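On a predicted model such as this, the values are computed, not experimentally measured, just so you know.
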Amino acid sequence: MNPVEQSLQQAGTLIGQGRFKAAERLLANPLLKNHPDRLLLLGYIRLKQGQYGKSVDLLQQVVDQQPDEPEYLAHLGLAQYMQGEIARGLKTMEDARNLDERHVNSRLYLGESLLKLNMLTEALGLFNEVLALDPYHLKAWFGKVHALIRLGLLDQATEELDKLGPLAEHQPELYLAYARLFMEQGNMDAALEAIEAGQKLAPDHMELLRAQGQIMDQWGRKEEALRIYRKILKKNPYDLNVIYRMMRMGAKEVPQLAHRLRELLRNNPDISPQVKKSVLYNLGSAEETMGNHRKAMEHFLQAGRYHHQESGHDKTAEYYQQIRTVFTRDTMQKLGQSSQCEASPIFIVGLPRSGSTLVESMLATHADIHAIGESPLIPQLSRYGGELLQPPVEFPEWVKELDKEKWTGLAHFYLNKALRLSGKEGHRIVDKNLGNTVYIGLIRLLFPKARILHCVRNPLDVATSCLSIDFAGHFPWTYSMEDFIEHYRLYRSLMDYWHDLLPENMLDVAYEDMVHAPEATSQKVFAFLGLEWSEEVLAFNRKQRRVVTASVNQVREGIYTSSKQRWKRYGDLIQPLIDAFPEWT
């Protein structure tokens with residue numbers, strides 16, 4: 001090995017150990033000046049340091065020298081993605097992947113990026129590609145397991161972790177993966193045991209500590225969560241995820257944290273758009289907590305402008321029309337009894353911030369009900385149904401093609417999966433997935449006796465609440481008032497269609513009614529479900545259960561009215577919303 005190659009290898013080893021300054025000193029060797037791998041390593045250091053713009057500049061120089069080298073392209077794509085150029089970064093990584101069918105890093109980085117974007121099926125496919133090339137690639141194994149967990153394929157995730165154990169028994173990431181699996185299963189004790197086992201191997205492992213804090217947060221153990229979050233901030237004062245959680249919990253440090261974030265913006269004018277967006281959302285939350293509502297909304301609206309994603313309204317309108325064309329009154333009458341399943345699961349649908357977590361928490365207190373959380377099972381069935389045909393057919397077109405046996409089989413497949421999530425046989429299942437609004441016709445065909453609770457709320461309050469939260473791209477229409485208005489009209493039109501088509505299966509539950517007249521409203525809900533009502537359902541906040549949505553702290557407080565007519569706090573800043581929904585003012 002010549003001196004240049006030896007220096008590059010040593011620098012790579014130092015980077016792997018996190019010794020960036022030592023690596024930079026080695027890379028300052030004049031012998032390395034024109035070597036592309038020097039720029040690659042420097043670009044990687046800047047990437048790990050969060051200096052994404054500088055990383056992109058360095059890596060672009062490398063790619064300009066050797067445009068057909070997939071390793072250089074893969075790193076450039078990752079840096080572009082981290083800088084906030086999401087579409088461009090994904091394309092660059094895809095280009096690297098296409099250059100070499102056996103290149104690992106392009107597939108790994110692309111998979112990890114898609115996992116962050118919640119494109120779980122695509123990410124899973126990429127991790128499988130890596131493992132086909134390198135069966136012992138631990139990062140790909142862990143990526144695959146996390147994708148399976150988030151897809152709700154918990155049995156498969158368990159199998160993969162059991163196989164992974166002998167390869168990674170000394171890796172703290174193994175215990176992190178088990179912890180997240182147990183968290184999804186609602187087994188807090190097992191999750192904490194996994195975290196403690198991982199911390200014995202790596203006491204300062206930030207992801208294990210963060211998972212521990214999230215468990216305490218989700219289960220309502222606020223003071224313990226805050227203690228853990230404070231510990232994280234001592235090591236990483238600008239951990240935006242932790243700061244956001246502390247803002248949401250109304251921690252006493254909110255003013256100091258807000259000051260820290262303002263300094264971060266002021267001292268880093270070249271900060272990436274993605275990070276700037278997170279900082280602005282946090283600042284908005286801080287101003288909201290401190291009662292500076294107009295200033296908060298200014299931050300929220302500014303943050304939304306950094307979200308680079310097409311709204312897709314035209315495609316949404318086309319898709320909704322396709323659904324109406326398939327699920328006609330004639331089709332529902334012909335196929336209405338296709339499934340012989342007698343079960344009557346309960347589905348909660350609606351827009352985010354419309355009271356769905358409040359309704360779910362109330363139902364979960366009932367002795368005969370078990371809530372399985374935000375289940376992906378119905379969207380999965382929308383794909384599986386079409387795969388039963390040859391050739392496979394996309395949803396919703398396959399709906400008319402299945403025979404009675406297949407419909408019943410799909411219904412029981414859902415129930416078996418739901419039972420594994422709940423662990424409680426004989427209970428009514430509550431499935432809260434807001435995206436199921438497009439699958440209401442499918443739900444009715446699977447379960448003729450299904451009950452669907454549609455959570456509704458003043459759209460002005462929904463809009464202002466949605467604008468204040470970064471949903472990480474899951475709801476691309478929540479980042480501007482204009483996009484919300486257009487999406488709301490499309491959504492409301494579809495829900496009106498379902499109500500007209502399936503009135504016996506659906507009940508609107510208004511947030512305003514729940515907080516103003518909880519007893520009468522909850523009695524109406526339980527009568528619709530065919531269940532006996534008791535006063536205990538109004539004390540849902542006393543029951544310890546896991547809550548993972550942005551409403552976690554509100555649910556812990558029980559029923560309150562302070563969020564009604566929230567929109568009035570913001571004045572003319574939200575004039576487009578006021579003009580769009582005058583009947584709600």
| field | From CA spacing to verdict: side-chain contact (heavy atoms from CB on, under 4.5 Å), L577, L467 | value | CA-CA 12 Å; L577 293 171; L467 287 168; 4.3 Å; yes
Is there a donor in the side chain of [X] and an acceptor in the side chain of [Y], or the other way round, less than 3.5 Å apart?
X: D37; Y: Y72; result: yes
X: E287; Y: H293; result: no
X: Q212; Y: E196; result: no

Within the distance-only criterion (no hydrogens, no angle test), does the side chain of [X] pair as donor or acceptor with the backbone N or O of [Y] below 3.5 angstrom?
X: N436; Y: Y439; result: no
X: S356; Y: P352; result: no
X: E122; Y: L115; result: no
X: N433; Y: S375; result: yes
X: N236; Y: I232; result: no
X: N282; Y: Y244; result: yes

With side chains defined as the heavy atoms from C-beta onward, is the minimum distance between [X] and [Y] less than 4.5 Å?
X: V462; Y: S354; answer: yes
X: F395; Y: R383; answer: no
X: E129; Y: R97; answer: yes
X: H487; Y: L351; answer: yes
X: I469; Y: T478; answer: no
X: M183; Y: R180; answer: yes
X: L257; Y: M247; answer: yes
X: L161; Y: L174; answer: yes

Separation between [atom1] of [X] and [atom2] of [Y], rounded to the nearest 0.5 Å:
X: E169; Y: L164; atom1: CD; atom2: CG; answer: 10.5 Å
X: D134; Y: R102; atom1: CG; atom2: CZ; answer: 10.0 Å
X: L261; Y: I243; atom1: CG; atom2: CD1; answer: 4.5 Å
X: L42; Y: F20; atom1: CG; atom2: CZ; answer: 12.0 Å

| query | Parallel under 30°, tilted from 30 to 60°, perpendicular over 60°: which one fits the rings of F471 and F475? | reply | perpendicular
Can [X] and [Y] be counted as an ion pair, charged N to O under 4.0 angstrom?
X: K315; Y: E318; answer: no
X: E173; Y: K139; answer: no
X: E24; Y: R46; answer: yes
X: D470; Y: K277; answer: yes

Closest approach of [X] to [Y] (non-hydrogen atoms, all atoms of both residues):
X: S468; Y: Y281; answer: O-CD2, 3.8 Å
X: S113; Y: Y81; answer: O-OH, 3.2 Å
X: F142; Y: Q171; answer: CZ-CB, 4.4 Å
X: A168; Y: L138; answer: CB-CD2, 4.0 Å
X: N105; Y: E71; answer: ND2-OE2, 2.8 Å
X: L126; Y: R107; answer: CB-O, 3.7 Å

| In this structure, which one of R227, R245, R210, K222 forms a salt bridge (charged side-chain N to carboxylate O under 4.0 Å, His left out) with D217? | R245
| task | Go through the steps to decide whether D162 and Y178 satisfy the test side-chain hydrogen bond (donor to acceptor under 3.5 Å, both in side chains), and finish with yes or no. | result | CA-CA 10 Å; D162 290 343; Y178 269 117; 2.8 Å; yes
Please report, to 0.1 Å, the donor-acceptor pairs under 3.5 Å made by any side chain of residues 53-68, with sequence neighbours excluded.
unit_1, atom_1, unit_2, atom_2, d
S55, OG, G43, O, 2.7
Q60, NE2, D64, OD1, 3.0

| Test ring pair (Phe, Tyr, Trp, His ring centres under 6.0 Å) applied to Y109 - qualifying residues, sequence neighbours left out | H75
| note | From the list L153, V145, L131, side chain to side chain contact (heavy atoms under 4.5 Å, CB included) with E160 holds only for V145
| query | Mind checking what makes side chain to side chain contact (heavy atoms under 4.5 Å, CB included) contact with L265, not counting sequence neighbours? | reply | K276, V279, L280, L283
| query | Only one of H259, R230, R260 clears side-chain hydrogen bond (donor to acceptor under 3.5 Å, both in side chains) with E253; which? | reply | R230
